[in-house]
Amino acid sequence: MARSERYAHALTLAVIKVSQFEELRGAWGEGTARLAVDHVAETLVRITRGSDFHCRLDDSTFAVVLLQCTGRQAALYGDRLSLAVSNRPLKSASHVKVPLYVGVEVNALEYDASRFRGPLEFLSLAGGDVMPERTPRAAGARTATASDPRGLREQLVKDYYPGGEMKDFADAYREARNRNRHAG
């Protein structure tokens, strides 16, 4: 995002979700739902440019950072992705002879420094930071931070900055980054 601001290049975040994932899992089984997610992941790798970044956020959600891509171009990318995913049927893991077509929902948001207060607000509005409501956990229970990006980030902050909160860590990080940028 800093490079995008510095060189006035467009940057867009696309959040991709497998359509009706829970219904798919309930009706066709866990194996077929896993195949559907793998199918979307393979399609992302196939059609995304090498200069862009893609990752998996949770069971059925992916994020793609599209560099030098406007919101309009991201909409075209979303249409292309939807078409590529839905044009190839899956075979059911439970050996049902009916082909299964998977759909995706694409939400793309272009980064504009004047419109957002910062990168965290942009990520939240783009849908990359939205997590389902958590149920209170029992004392001593371990969390599944690998499937929870927010929890993973909070754990990293606690590990590297045990005395402060996320906002304090973000401020200290920005200050160090500015100091290093002006030192060289």
Side-chain angles (χ1 to χ4, degrees), residues 1-25 28-93 99-116 118-132 144-156 170 173 177:
M1 286 185 212
R3 184 180 299 162
S4 162
E5 287 179 40
R6 190 177 316 130
Y7 298 115
H9 290 292
L11 172 93
T12 303
L13 176 66
V15 177
I16 297 109
K17 295 182 181 186
V18 178
S19 295
Q20 302 173 339
F21 180 73
E22 292 303 321
E23 292 84 359
L24 178 73
R25 182 187 294 177
W28 291 77
E30 184 66 37
T32 303
R34 190 173 47 252
L35 284 175
V37 171
D38 291 345
H39 171 66
V40 173
E42 290 168 3
T43 306
L44 278 172
V45 169
R46 195 176 69 233
I47 72 163
T48 304
R49 300 177 299 183
S51 61
D52 297 330
F53 302 98
H54 48 86
C55 68
R56 186 171 172 180
L57 296 178
D58 64 13
D59 286 347
S60 63
T61 308
F62 297 87
V64 179
V65 177
L66 301 164
L67 302 173
Q68 297 183 1
C69 182
T70 63
R72 185 175 180 280
Q73 293 166 333
L76 294 172
Y77 170 82
D79 292 343
R80 182 176 176 215
L81 176 67
S82 296
L83 188 63
V85 168
S86 64
N87 272 346
R88 198 171 60 176
L90 290 179
K91 292 182 181 175
S92 171
L100 172 66
Y101 292 92
V102 179
V104 292
E105 300 167 8
V106 181
N107 179 25
L109 185 62
E110 184 177 354
Y111 180 67
D112 181 7
S114 62
R115 196 169 136 204
F116 304 106
L120 293 178
E121 181 185 18
F122 168 68
L123 290 173
S124 293
L125 291 175
D129 206 19
V130 177
M131 296 304 299
T145 56
S147 64
D148 181 6
R150 182 179 294 153
L152 182 61
R153 185 172 54 222
E154 289 171 358
Q155 184 62 43
L156 287 171
Y173 175 77
R177 188 181 65 195

Inset, instruction - Return each pair, listed once, that meets salt bridge (charged side-chain N to carboxylate O under 4.0 Å, His left out) where at least one residue sits in residues 72-90; pairs must be two or more places apart or across chains. - result: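 Sorted result for residues 72-90: E42-R88.
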
Rounded at 0.5 Å granularity, tell me how far [atom1] in [X] sits from [atom2] in [Y].
X: L76; Y: L81; atom1: CG; atom2: CG; value: 12.5 Å
X: I47; Y: L83; atom1: CD1; atom2: CG; value: 9.0 Å
X: I16; Y: R56; atom1: CD1; atom2: CZ; value: 13.0 Å

Would you mind reporting whether [Y] and [X] have side-chain heavy atoms less than 4.5 Å apart?
X: F53; Y: V64; value: no
X: Y77; Y: D52; value: no
X: P89; Y: L100; value: no
X: N87; Y: Y101; value: no
X: S19; Y: V102; value: no

Taking every non-hydrogen atom, the tightest pair across [X] and [Y]:
X: H39; Y: V85; result: NE2-O, 2.9 Å
X: S82; Y: V106; result: OG-CG2, 4.2 Å
X: R46; Y: A84; result: NH2-CB, 3.9 Å

Inset, instruction - Check the pair R25, T32 against side chain to side chain contact (heavy atoms under 4.5 Å, CB included), reporting the backbone distance first and the verdict last. - result: CA-CA 7 Å; R25 182 187 294 177; T32 303; over 6 Å; no

Inset, instruction - Just jot down the side chain to side chain contact (heavy atoms under 4.5 Å, CB included) partners of A74, sequence neighbours excluded, or say none. - result: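 Per chain and number, A74 pairs via side chain to side chain contact (heavy atoms under 4.5 Å, CB included) with T12, L66, C69, A108.
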
Inset, instruction - For T61, check side chain to side chain contact (heavy atoms under 4.5 Å, CB included) against everything at least two apart and list the hits. - result: V15, K17, L57, D58

Inset, instruction - Test V104 against V40 for side chain to side chain contact (heavy atoms under 4.5 Å, CB included), laying out the working first. - result: CA-CA 8 Å; V104 292; V40 173; 3.8 Å; yes

